[in-house]
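For reference, the structure discussed in these notes is given below.
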Amino acid sequence: MPDGNTRSYTSGVTGMDIANDISKSLAKKSIAIVINEKECDLSLPIENDVSISIITRDQDAALELIRHDCAHVLAEAVQELFPGTQVTIGPSIENGFYYDFYRETPFTIEDLPKIEKKMRQIIERGNPFTREVWDRNEAIKFFKEKGEAFKAELIEDLPESETITIYKQGEWLDLCRGPHMPTTKQVGTAFKLMKVAGAYWRGDSNREMLSRIYGTAWRTQEELDAYLHQLEEAEKRDHRKLGREMDLFHFDPKAQGSCFWHPKGFTIYNQMETYIRRRVNDAEYVEVKTPQLMDQKLWETSGHWQKYREDMFVVPDVTPNTEEGEPIFKEEPKDFMALKPMNCPAHVEIFKQGIKSYKDLPIRMAEFGCCHRNEAHGALHGLLRVRQFTQDDGHIFCREDQILDEAVAFCELTQKIYKDLDFEDYYLTLETRPEERIGSDELWDKAENGLKQAMDHLGLKYEIAEGDGAFYGPKLGFIVKDAIGREWGCATLQIDFNLPRRFEATYIGEDGEKHYPVMLHRAILGTLERFIGIMIEHFAGKLPLWLAPTQCAIATITSEVDDYAQNLYEQLKANGMRPILDTRNEKISYKVREHSTGKVPVIFVIGKSEAEENTVSIRRLGSQKTESMNAEEAVKALIEEAKPPY
RNA sequence: GCUGCUGUAGCUCAGUGGUAGAGCGCACCCUUGGUAAGGGUGAGGCCGGGAGUUCAAUUCUCCCCAGCAGCACCA
């Protein structure tokens, strides 16, 4: 038992027997049992001496079971309502569950209330979940005859050694590893079907498109309500919505996936660029600028032409025809240029100019590199996934013995910057060699180990994502979440032994011989666009003073004090701040409201008494309170407060 | 790119087989008002684009385009 006590039962006792033996009330709320650290059904007979703990419905561990059971109930409901629909898989996920179905006509949201109603009936029925072990071939035959081709395929692909278990709830059954709660009743009523979407069978875009139904499920109605409320709140933070409301930027079909930065948005952009430039300069980088359009030959050398072309914008290197009614190109273009999707080849070109000595290394080259990638239409998403973006890119050319130091320095720099930006909510990944790649396995081993060492050295925890690396090298990634829980890669460090070889980029070593440098590809924000998008969501639009497009609104109560207000405005302006002067013929409440909804961090309210006493009334965003202060002191304090963190 | 949904005023959204409405915003007028919406008047729409059905289409059907959600792909 979890409390360290030991209990004795005859062989074959079940979890439910034990729960009943302990107390009726425990039995009532028990839903599963952990046997030797493995979650099992309460009905599973226990044959040997084991350690157990019983899971009750009020524990956190119950959520996954509730959601998984709810998915089964969903599948039963769907098959009851829509005969002929094939079932596939239906796992529990963060905050809920889904089930993928195959059906000629996909489900629409209109179907959901009906399905949900049926689910409630099934739950009310309270059929017990019963587990059966089936013979593999029998199971395949059974599902095939039933017309469940997807289930049959699943079983066929299970290893021979795997026990095939079937879970029944009343008449309905499903292939499932389990475990499940005693009856459908335990699912409860705190669930809701949320949305429908397409999803590829087995995540493969070459396979069938299935119809996925998403749902959320919780232990209590309160939890469900809280979750739904949280979703609403998250939507309010959506950077696309705030970008429009705050007049920061817009997107237009005429430039799909590329951002039109408005004056206010571009102010944030410029502040970020200036900040990073400063930090990177302090970290001994040199800044460069490289061409936007480069020849096919260069991309062939780098490998992009072979491995990355479908993501590139390729431009024929031909003079277009301007005669009306004629084709744009009189003949099939033979020579091509491409808009750069990455800056690395151009940086290698700079490295290659002149002869480098081992004493010159490391060379840390930085660029705010504007890149274009031909992203799939469906991938575009506000600022978080665009076709044109500016990376805070950098490439470190170093010797092998410098990799660890450089990787560590990069991680430290990133952590420092994320801290400055009040950004703590991220996790690390190590993405290893993908199938489509360049370079020998030996070099990949070295590169992957290099990253591991650096992270271990710093004591950073990371998840390994097998096969997710770039085609030229493994990646260390900083992953952050947006307002609605979607995850986005930002900072990245990639170790690359390949590109210098492909470009014949060398340095002269201590031994007088030529050697290939190692190239570390790295970005800290990732891209300015994405990072700003995530920051807008992170701060819910209420950016820190140094980043806020408008830092202070000076709002007058009466036109009699316009001159006094004008003077304050000029003082702030003269000190590099971004104030606005609001002397409009409106009531002060109106002005306060407008600037508050506009997320202006500070409002100076100026009336007669302020002008007479040489003070300002200060109101901060998110606060109802006001503070009166001597005008000179207020201006001075605000200027100090608005200084960037460098 | 795939599946589904959506596309009406600058924004948020109603609505109808007989070519349109609200609130906010905008312009003008009145109002000089003390910390989240003062009042009035007015301008503003090829109802995403194209085809079809119909006497008649913003409304129904089809095709395109775009946006959104998810999938796949990725900074």
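Proteins come first, then strands; the chains are lettered A, B, ... in the order of their sequence lines, and each starts at number 1.
When the nucleotides B/C68, B/G34, B/G70 are ranked by their closest atom to the side chain of A/Arg240, B/C68 comes out on top. Of all nucleotides listed (B/G38, B/U3, B/U35), B/U35 comes nearest to the side chain of A/Glu610. Listed nucleotides: B/U32, B/A72, B/U35. Nearest to the side chain of A/Glu560: B/U32. Picking from B/A36, B/A72, B/G34 the nucleotide with the shortest atom distance to the side chain of A/Ser205 gives B/A72. You'll find that the side chain of A/Arg373 is closest to B/C74, out of B/C74, B/A36, B/U35. Picking from B/U32, B/G34, B/C71 the nucleotide with the shortest atom distance to the side chain of A/Ile588 gives B/G34.
When both distances must be under 3.5 Å, the Watson-Crick or G-U wobble mate of B/G34 does not exist. When both distances must be under 3.5 Å, the Watson-Crick or G-U wobble mate of B/C71 is B/G1. B/A66 and B/U6 make up a base pair, with Watson-Crick or G-U wobble contacts both under 3.5 Å. B/U16: no Watson-Crick or G-U partner with both key distances under 3.5 Å is found in any strand. Base pairing annotation: B/C46 forms no Watson-Crick or G-U wobble pair, as no partner gives both donor-acceptor distances under 3.5 Å. The base-pairing partner of B/G52, taking Watson-Crick or G-U wobble contacts with both distances under 3.5 Å, is B/C60.
When the P atom of B/C71 is taken as reference, atom CG of A/Leu380 falls 16 Å away, rounded to whole Å. Put simply, OH on A/Tyr214 is 13 Å from C1' on B/G4, counting in whole angstrom units. One atom, CZ of A/Phe251, and another, C1' of B/C65, lie 18 Å apart when rounded to the nearest Å. When rounded to the nearest whole Å, the span between CZ of A/Arg593 and C1' of B/G38 equals 14 Å. Atom pair A/Ile557:CD1 and B/G33:C1' shows a separation of 9 Å (rounding to whole Å applied). With rounding to whole Å, A/His250 atom NE2 is found 14 Å from B/A66 atom C1'. The distance between atom CD of A/Glu245 and atom P of B/C11, rounded to the nearest whole Å, is 12 Å. Straight-line distance from the CD atom of A/Glu208 to the P atom of B/C2: 16 Å, rounded to whole Å.
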Between A/Asp311 and A/Asn374, does a side-chain hydrogen bond (donor to acceptor under 3.5 Å, both in side chains) hold up when you go through it step by step?
CA-CA 4 Å; A/Asp311 286 311; A/Asn374 198 351; over 6 Å; no
Please report the C-alpha distance between A/Ser617 and A/Glu627 in whole Å, then the side-chain angles of each, then the deciding distance to 0.1 Å, and finally whether the side-chain hydrogen bond (donor to acceptor under 3.5 Å, both in side chains) criterion is met.
CA-CA 6 Å; A/Ser617 171; A/Glu627 182 194 356; over 6 Å; no
Verdict with supporting geometry, A/Trp201 and A/Asp100, side-chain hydrogen bond (donor to acceptor under 3.5 Å, both in side chains):
CA-CA 8 Å; A/Trp201 170 232; A/Asp100 285 347; over 6 Å; no
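Nucleic acid contact class of A/Ser211 (heavy atoms, under 4.0 Å, all strands): none. In this structure, A/Tyr590 reaches the sugar-phosphate backbone alone: every heavy-atom distance under 4.0 Å involves primed, P, OP1 or OP2 atoms, never a base. Residue A/Ala379 is in base contact, counting any heavy-atom pair closer than 4.0 Å across all strands shown. Looking at heavy-atom distances under 4.0 Å, A/Gly203 makes contact with sugar-phosphate atoms alone, never a base. Residue-level contact check: A/Lys608 touches the bases, meaning some heavy atom is under 4.0 Å from a base atom. Note on A/Tyr98: nothing from the nucleic acid sits closer than 4.0 angstrom, heavy atoms only. Within the nucleic acid shown, A/Ser617 comes within 4.0 Å of at least one base atom, counting heavy atoms only. Contacts of A/Arg530 with the nucleic acid, taken as non-hydrogen atoms under 4.0 Å apart, include base atoms. Backbone-only engagement by A/Gly489 is indicated by non-hydrogen atom pairs under 4.0 Å involving sugar-phosphate atoms exclusively. Counting any heavy atom pair closer than 4.0 Å across all strands shown, A/Gln256 reaches sugar-phosphate atoms only and no base atom.
Here A/Arg486 reaches the OP1 or OP2 of B/G70: one of its side-chain N or O atoms lies under 4.0 Å away. One finds no side-chain N or O of A/Arg584 lying less than 4.0 angstrom from the OP1 or OP2 phosphate oxygen of B/U32. Here A/His381 reaches the OP1 or OP2 of B/A69: one of its side-chain N or O atoms lies under 4.0 Å away. Applying the 4.0 Å criterion to OP1 and OP2 of B/A36, one finds that A/Arg619 has a side-chain N or O inside that range. A sub-4.0 Å separation between OP1 or OP2 of B/U35 and a side-chain N or O of A/Gln624 is absent.
Taking atom P on both B/G4 and B/U61, the two are 15 Å apart, rounded to the nearest angstrom. Only the P atoms considered, B/A14 is 12 Å distant from B/U6, to the nearest whole Å. B/C47 and B/C60 are spaced 15 Å apart, taking the P atom of each and rounding to whole Å. Taking the C1' atom of each, B/U19 and B/U54 are spaced 15 Å apart, rounded to whole Å. B/G10 and B/G25: their P atoms are spaced 16 Å apart (whole Å). B/G38 sits 8 Å from B/G33 when the C1' atoms are compared, rounded to a whole Å. As rounded to the nearest Å, B/C71 and B/C62 have P atoms that lie 28 Å from one another. For the P atoms, the distance linking B/A20 with B/C2 amounts to 37 Å, nearest Å.
A donor N or O paired with an acceptor N or O is not found under 3.5 Å between the base of B/C11 and the side-chain atoms of A/Arg244. For A/Glu110 against B/G4, no side-chain N or O and base N or O form a donor-acceptor pair under 3.5 Å. Evaluation of atom-type donor-acceptor distances gives no pair under 3.5 Å for the side chain of A/Arg202 against the base of B/C71. Looking at A/Ser589, its side chain has no donor and acceptor atom pair within 3.5 Å of the base of B/U35.
The closest side-chain donor-acceptor pair between A/Arg202 and A/Tyr200, if any, does not fall under 3.5 angstrom. A donor-acceptor pair shorter than 3.5 Å cannot be found between the side chains of A/Ser302 and A/Tyr472.
When atom types are taken as modelled, the side chain of A/Arg522 and the backbone of A/Asp392 share a donor-acceptor pair closer than 3.5 angstrom. Checking side-chain atoms of A/His538 against main-chain N and O of A/Ile534 turns up no donor-acceptor pair under 3.5 Å.
Atom OG1 in A/Thr527 sits 5.0 Å away from atom CD in A/Glu529 (nearest 0.5 Å).
Here the options are A/Leu543, A/Ile536, A/Leu242, the test is side-chain contact (heavy atoms from CB on, under 4.5 Å), and the partner is A/Lys599; only A/Leu242 passes.
Heavy atoms of other residues, nucleotides or ligands lying less than 6.0 angstrom from NZ of A/Lys419 number 12 at most.
Comparing A/Thr527 and A/Gly257 by the nucleotide of RNA chain B whose heavy atom lies nearest to each, the residue mapping closer to the 5' end is A/Gly257. Both A/Asp252 and A/Gln494 lie near RNA chain B, and the one whose nearest nucleotide falls closer to the 5' end is A/Asp252.
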